[in-house]
Amino acid sequence: MKINHKPIFWAAFSLVGFIGPLHAQKKVTHQSLYWVRYYGKYKLSDNWGINLEFEDRRFFKDNRQLNAVLPRVAVERKLGAGWAAGAGFTYYTAANPADPTKDVQVTVPELRPHQYLTSGQKIGDLGISHRFQVEERWIHNSSATELTPGYKFQGRFRYQLQAQYPLVKRPTAAGSLAVKAADEILLNFGHSIVANTFDQNRVYVGLNYGISEQVQVELGYLNWFQERSSGDQYYARDNVRLTIYHSIKFY
C-alpha cells in the first residue's frame, strides 16, 4: 500500500508553527541543563521489538537533578509502508522546586502509560520521520514539601517531526556520521487543564556517530520551551543531551 506523506508533512509544519507566538510572552525563566540517556532497541523478530530508555536530567549548577526517567519501556510492531505502532509505560520523577538555587523539597513520581504511531520516508539521502504519541499521566499529589495521598490525571498529546541526513556514509552503522534536526510540540488535555493547553516545545539538533554496528553515540543541543500551570509563566531551557543507542538482535 502506497501512502501519500505530503498531507502529513504540511500538517506537521502547521502544527509546529503554532508555538511561534508563545516565545514572545514575558515572565520567562532561563535555565541550563544536561541530559544523559540510554536508548536500547531490542529486536525480537522482523516485525516485533522492545524499546528501553533511561534518562537523567540535571542542572549544570551544582549538578542538581531535575527529572529522571526510570525507565521508559515500549513494545513496538511494524505495520508496513514505513509505519509502526507501539505501547508502553514510563516511571518518571520530578524534583521540586524546579530551581537549581534551591534544595530539593519533594520528589514527585509519575506513572505514564503511552501509545504511539510512527511513520518514516526517504527523499534521496534525507530521512524524515513523524511520531504521534498520547500519554496518560498519573501524577502523585504533593504539597511544596511532601507527597500527599492520591494521584491526579493529566493527558498529553505529542507530535515530533525529525529529519536525518548522512554526512559520512558507511556500509554499516560503524563509522557513519549523520546530522539530526527535530521539532516536537506537546499539548495537555484533561479536566485539570485550565490555562496551559500548550505544554512545551522542543527543538533539537545533534550529531550521531556509529561506534559499531550495535552502538551509536549522539551529542546534541535541545531548546526546551515550557509553559507553567499559571499560563503566563514559562521556562526557556538550554540543554546538552548525550545519548547512547544500543541495538540487539535476538533472532
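What's counted below: heavy atoms across the whole structure, side chains too, no hydrogens, waters or symmetry copies. Residue numbers start at 1 and run along the sequence shown.
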Presence of salt bridge, D125 and K169, under 4.0 angstrom: yes

Ion pair D46/K78, N-O distance below 4.0 Å: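 Judged by the 4.0 Å cut-off on N to carboxylate O distance, D46 and K78 do not form a salt bridge.
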
Is a side-chain donor-acceptor pair under 3.5 Å present for [Y] with [X]?
X: R170; Y: S176; value: no
X: Y39; Y: R72; value: no
X: N239; Y: W35; value: yes
X: E136; Y: Q115; value: yes
X: S230; Y: Q233; value: yes
X: Q160; Y: D183; value: no
X: N196; Y: E227; value: no
X: R57; Y: Q65; value: no
X: Y159; Y: H130; value: yes

Does any non-hydrogen side-chain atom of [Y] lie less than 4.5 Å from one of [X]?
X: L33; Y: D238; result: no
X: D199; Y: R156; result: yes
X: P71; Y: L52; result: yes
X: L187; Y: F198; result: yes
X: Y235; Y: R228; result: yes
X: N201; Y: E184; result: no
X: I128; Y: Q162; result: no
X: K43; Y: Y251; result: yes

Check: Y116 ring centre within less than 6.0 Å of F132 ring centre: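 No.
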
Ring center gap for F225 and Y234 short of 6.0 angstrom: yes

Report the distance from atom [atom1] of [X] to atom [atom2] of [Y], rounding to the nearest 0.5 Å.
X: Y221; Y: Y204; atom1: OH; atom2: OH; value: 12.0 Å
X: H246; Y: I211; atom1: NE2; atom2: CD1; value: 11.0 Å
X: T243; Y: Q216; atom1: OG1; atom2: CD; value: 11.0 Å
X: T107; Y: N96; atom1: OG1; atom2: CG; value: 7.5 Å
X: S143; Y: Q105; atom1: OG; atom2: CD; value: 9.5 Å
X: S247; Y: K41; atom1: OG; atom2: NZ; value: 9.0 Å

Sub-3.5 Å donor-acceptor pair from the side chain of [X] to the main-chain atoms of [Y], do we have one?
X: Q226; Y: R237; value: no
X: R58; Y: N63; value: yes
X: T90; Y: Y92; value: no
X: S142; Y: L147; value: no

Shortest non-hydrogen separation from [X] to [Y] and the atoms involved:
X: P100; Y: F59; result: CB-CG, 3.5 Å
X: L126; Y: A163; result: CD1-CB, 4.1 Å
X: L66; Y: A98; result: CD1-CB, 3.8 Å
X: Y91; Y: L111; result: CD1-CD2, 3.6 Å

Of all pairs that satisfy salt bridge (Lys or Arg N to Asp or Glu O under 4.0 Å), the ones with a partner from residues 104-123, not counting sequence neighbours: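 Only E110-R112, E110-R137, R112-E135 qualify under salt bridge (Lys or Arg N to Asp or Glu O under 4.0 Å).
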
Would a single hydrophobic cluster contain both [Y] and [X], if residues Ile, Leu, Val, Met, Phe, Trp and Tyr are joined by side-chain heavy-atom contacts under 4.5 Å?
X: V36; Y: L207; value: yes
X: Y165; Y: Y209; value: yes
X: F250; Y: Y245; value: no
X: W138; Y: V134; value: no
X: Y38; Y: I248; value: yes

Trace of the side-chain hydrogen bond (donor to acceptor under 3.5 Å, both in side chains) decision for D99 with T101: CA-CA 5 Å; D99 184 343; T101 65; 2.7 Å; yes

From CA spacing to verdict: side-chain contact (heavy atoms from CB on, under 4.5 Å), L79, L117: CA-CA 10 Å; L79 303 178; L117 283 171; 4.1 Å; yes

Residues F60, V240; criterion side-chain contact (heavy atoms from CB on, under 4.5 Å); working and verdict: CA-CA 10 Å; F60 279 106; V240 175; 4.2 Å; yes

Chi angles and distances behind the side-chain contact (heavy atoms from CB on, under 4.5 Å) call for I50, V73: CA-CA 7 Å; I50 296 175; V73 60; 4.0 Å; yes

Audit row: L167, V179, side-chain contact (heavy atoms from CB on, under 4.5 Å) steps and yes/no: CA-CA 7 Å; L167 301 178; V179 60; 4.2 Å; yes

Residue K180 excluded, over 12 heavy atoms near NZ under 6.0 Å: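 Count over threshold, so yes.
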
Neighbour count >12 (heavy atoms, 6.0 Å) for atom CZ, F153: yes

Distance under 6.0 Å and angle within 45° of ring axis: R241 vs W224: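 No, a cation-pi geometry is absent between R241 and W224.
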
